[in-house]
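Notes to accompany the following structure.
We count ligands from 1, going down the list as the structure has it; atoms in each ligand are counted the same way. Note that these values count all heavy atoms, side chains included, but never hydrogens, waters or copies made by symmetry. By convention here, the first residue in the shown sequence is residue 1.
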Amino acid sequence: ETSLSIPQVPKQYLGLLGNLPDIDPSFAAKSFWRLQELYGDIYELDLLNRKVVIISNYDLISDVLDDNRYEKVVTGPLKELRPFVKDALFTAFPDEPNWHKAHRILMPVFGPLAVKKMLPQMLDVASQLILRWDRFGPNHRIACSDDFTRLAFDTIGLCAFGFRFNDFYSDNMHEFAIQMTDVLVEAGKRASRTHMETQLRYLAAQQFDTDIAAMHKLCDNIVDERIQDPQPDSNDLLNVMLNQKDPETGEKLSKENIRYQMATFLVAGHETTSGTLSFLFYHLLHNPETYHKAQQEVDEILGDDTLTINHIPKLKYIDACIKETLRFQSPITAVTRHAKTPTKIAGKYDIVPEKPIVVNLKGLHHDAKIWGDDHDQFKPERMLDFKKYPAGAWRPFGIGMRSCIGRAFAEQEMIINVALILQRFQVTMADPSYHMELKSTLTVKPKDFEIKVRRRPGKD
Ligand code: HEM
């Protein structure tokens, strides 16, 4: 049996600072990618308050998919987010009872059938985006990340708890969205700082607490209103969370826990979805033949019709574009696991439970052994025959029992919005020489990417 030790990246300043100087606190993922080029597909970092192992290829990562030997570890930015979202689904420790309870209660309402029923609300918000872009006219530079964030935010608000943030009706985004971005950025920074340094940054710490309190209050108000004015006919998630009993314990979720789940849906669902949509349009515009094919598909399947649930499974090329976008650059750049008991990663590298393992999704999704030498090219065609790839090779929605509960929701939302935009508009880059730069808040998206849209002749 092989037994290899994991290479430690050389520590800086005589070891006093460990590898902290190697990590850019405002964009840790980028540092992980750079270190992969320097030190290979598995390496260890000493971040002083924790040691972590980063793994970056299919062979290593497919071993860590095993829920029997590994489990999610809530560390780094996720742990720093706990003051905001506590033991809700995304940030619960594996042994917290509320994860199991909420998972059992919420799984059915995030299933494909339940999500289909949310189509009217999704189309409601989508039509607001189309109307806004139409009114801008062909010369307006649209900061598409911002508008996709409005879209994703409002879609979750409406589908999950019947609340309209109405982000399309004002120039500034709803204060909740701004507070949330600030909290995400601060949580990301805290993950690469010592606890002492976080305490010393007194103003940032105070802002973090104030933002969180304001967001909690808004969620609590929505819950209170619903309790006072029940909406028995609504199919939204809030109704389920308030009324549904956990089949195993017979208990309902507490009011406090519902608040954390609401905040979680907004955190987990808005930047991921909006980042993916921004990347997708960037790729389509950079690869005009893919844009053309996608629009042709919309014209064939949808024509001038109103989109219905039956169109969605027929939009196969758009679905492939979404999958390829998520492969090319997953908005969530990594998930973290640890071994439940001492074991060997891929039968080779000794690992103990104390060391979190960061699964670098970019490494997985650009592993040339799986995706070929053209892995750095955007080719939706490869996703039309998705099943030819091994099961663990495409993991933008995470792994195992802790993978994304909102996947069907996000996929439906993205596919309808791409279809409606291509149906109605001719999209171009506002600045044809734009070259992609990434921006990170916890998730990544293209920085300062702007588009222009012109209504297609005869499409009204
Ligand atoms: C978990 C990606 C959309 C809710 C996750 C995880 C990933 C992910 C990678 C696993 C995180 C980990 O292991 O630490 C994405 C992507 C999305 C998306 C790429 C869109 C393109 C959504 C939406 C919602 C949502 C729309 C809700 C409305 C959640 C929740 C979890 C989760 C609640 C935690 C699940 C658990 O641990 O039980 N997502 N997500 N996500 N996502 Fe998503």
Under 4.0 Å from ligand 1, counting heavy atoms only, is it the side chain of [X], its backbone, both or neither?
X	result
R395	neither
R337	side chain
F90	both
R407	neither

Tell me yes or no: between the side chains of [X] and [Y], is some donor less than 3.5 Å from an acceptor?
X	Y	result
E324	H283	no
E271	T149	no
S26	D24	yes
S145	S278	yes
K86	Y260	yes
E413	N417	no
H366	D376	yes
Y43	Q36	no

### Message
Pairs of nitrogen or oxygen atoms closer than 3.5 Å, one from W99 and one from ligand 1: do any exist?
### Response
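Yes.
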### Task
Test I421 against every option in L277, V427, I416, I451 by the side-chain contact (heavy atoms from CB on, under 4.5 Å) rule and name the one that passes.
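The residue from L277, V427, I416, I451 that satisfies side-chain contact (heavy atoms from CB on, under 4.5 Å) with I421 turns out to be V427.
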### Heavy-atom pair of closest approach, residues A204 and E186
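Heavy atoms only, the tightest pair is CB-OE1, 3.8 Å.
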Heavy atoms only: which of [options] lies closest to [atom]?
atom	options	value
atom 29 (C) of ligand 1	A268, A88, A160	A268
atom 41 (N) of ligand 1	C404, A102, G269	C404
atom 19 (C) of ligand 1	A92, A408, P396	P396

### Query
With distance as the sole test, does D319 use its side chain to make a donor-acceptor pair with the main-chain N or O of L315 at under 3.5 Å?
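No; judged by distance alone, with no hydrogens or angles, the pair does not exist.
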For [atom], what is the nearest protein heavy atom, given as residue, atom name and distance?
atom	value
atom 14 (O) of ligand 1	K72 NZ, 2.7 Å
atom 3 (C) of ligand 1	T272 OG1, 3.5 Å
atom 10 (C) of ligand 1	R402 O, 3.6 Å
atom 13 (O) of ligand 1	V335 CG1, 3.4 Å
atom 6 (C) of ligand 1	F397 O, 3.8 Å
atom 33 (C) of ligand 1	I405 CG2, 3.5 Å
atom 28 (C) of ligand 1	F110 CE2, 3.7 Å
atom 21 (C) of ligand 1	T276 OG1, 3.6 Å

### Query
Is the distance between the ring centroids of H375 and F328 less than 6.0 Å?
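They do not qualify: ring centres at least 6.0 Å apart.
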### Task
Pull out every atom of ligand 1 sitting under 4.0 Å from any heavy atom of F409, numbered as shown with elements.
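Under 4.0 Å from F409, ligand 1 has these atoms: 26 (C).
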### Task
State the atoms of ligand 1, each with its element, that fall below the 4.0 Å cut-off from a heavy-atom position in S403.
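It comes down to these atoms of ligand 1: 35 (C).
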### Message
Check for me whether E411 has a heavy atom closer than 4.0 Å to any atom of ligand 1.
### Response
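No; E411 lies far enough from ligand 1 that no heavy-atom distance drops under 4.0 Å.
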